[in-house]
Protein chains: 2
Amino acid sequence: MQLDNVFGALSDATRRAIVMRLCDGEASVGELAKPFEMALPSLMKHIRILESSGLVASEKTGRVRMCSLQTEALATVEVWLAAQREIWEQRLDRLEMYVERLKKREKSNARKRKSK
Amino acid sequence: MQLDNVFGALSDATRRAIVMRLCDGEASVGELAKPFEMALPSLMKHIRILESSGLVASEKTGRVRMCSLQTEALATVEVWLAAQREIWEQRLDRLEMYVERLKKREKSNARKRKSK
DNA sequence: TTATTAGTTAGCCGTCTGGCTAACTGTTGT
DNA sequence: ACAACAGTTAGCCAGACGGCTAACTAATAA
């Protein structure tokens, strides 16, 4: 599933930092690497993972590879989360309605008891 | 970081299914296990991971453990995603404005050239 | 043309995942 | 008292992850 890889890619702080950086525009591998105290090959692994999740795309021209954010992948996650939220909010609404009904019945029962 | 664990927890289809199930209300471990062709201990591991990410809470009464969704954890993820979205949308806006300015300058230059 | 730069490939390491079985604990129904 | 039920613990396994170094390729600058 696509979601597996996107969530998986975002489960690492280094990769989230890369995504955040790319929100501000394209960057080369070197630029992306600068903020991290990490050997290049390690960082490249992260980039590969981001690419295979669909969150990042890259193209090499000459000897430099430029990376860019693929926002559709992020949107996929947002959609999934929104769907879950909708479901549990609907459930909470039903619950609330149920409680309201209970309260009303409580009152009317109280009145009946008094008037009896 | 909390986000590491939440994203990590959601990177598995089984665990996402559990989360979806819990959107519809509490459930015991046994109920959660039913839809899956998986040994109980395997499923329990998933539940542990969901718990340590903060997505799920559980309490044991008697011999049955009830699990419930902790929606704040899901909200954390939504907040993070929304923040990223805001950043790159602002950037796209700036880009668009820039392109608009270019177009206008283009036009005025064209007029100047004609009138010369 | 030679050095420098930018990235890549290969391979090593310890840890975490995601599944399993087998055996155990504690609770509840008969 | 005992059987059945609901979960738990322990331990095994293969494979992925996140880091490293060393050595390599290809493009560009001097």
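Residue numbers begin at 1 in each chain, while the letters A, B, ... track the order of the sequences.
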Between B/W80 and B/F7, what is the ring plane arrangement, given parallel below 30°, perpendicular above 60°, and tilted in between? perpendicular
Between D/dA10 (C1') and B/R48 (CZ): distance, integer Å: 14 Å
Side chain A/R15, main chain A/G8, donor-acceptor under 3.5 Å: yes
Generate the contact string for nucleotides 11-22 of chain C. Rules: B means base contact, S means sugar-phosphate contact only, - means no protein heavy atom under 4.0 Å. -------BBBBB
Would a distance-only check, ignoring hydrogens and angles, find a side-chain to backbone donor-acceptor pair under 3.5 Å from B/R21 to B/E26? yes
Side chains of A/D12 and A/I49: closer than 4.5 Å at any heavy-atom pair? no
So A/L32 and A/I47, do their side chains get closer than 4.5 Å, heavy atoms only? yes
Measure from the side chain of B/R65, starting at C-beta and using heavy atoms only, and say which of D/dG7, C/dT27, C/dT4 lies closest. D/dG7
Before you tell me yes or no, could you show the steps for A/V29 and A/V64 under side-chain contact (heavy atoms from CB on, under 4.5 Å), namely the whole-Å CA-CA distance, both residues' side-chain angles and the distance that decides it to 0.1 Å? CA-CA 7 Å; A/V29 170; A/V64 33; over 6 Å; no
note: A/L50, atom CG; D/dG18, atom C1'; distance rounded to Å ~ 13 Å
Base D/dA27 to side chain A/R63, donor-acceptor N/O within 3.5 Å cut-off: yes
Rounded off to whole Å, could you give me the NZ-to-C1' distance for the B/K34 and D/dA6 pair? 12 Å
A/D4 CG to D/dC17 P: how many Å, rounded? 11 Å
Non-hydrogen side-chain atoms of A/V77 and B/L10 separated by less than 4.5 Å: no
Can you find a heavy atom in the side chain of B/K45 that is under 4.5 Å from one in the side chain of B/R48? no
So, are A/K34 and A/E31 salt-bridged, with charged N and O less than 4.0 Å apart? no
Is there a residue in residues 17-32 of chain A whose heavy atoms reach under 4.0 Å of DNA chain C, and which residues are they? A/S28, A/V29, A/G30
Figure out the CZ/P separation between A/R16 and D/dG18, and round it to whole Å. 11 Å
Without decimals, in angstroms, what is the distance between A/K60 NZ and D/dT28 P? 11 Å
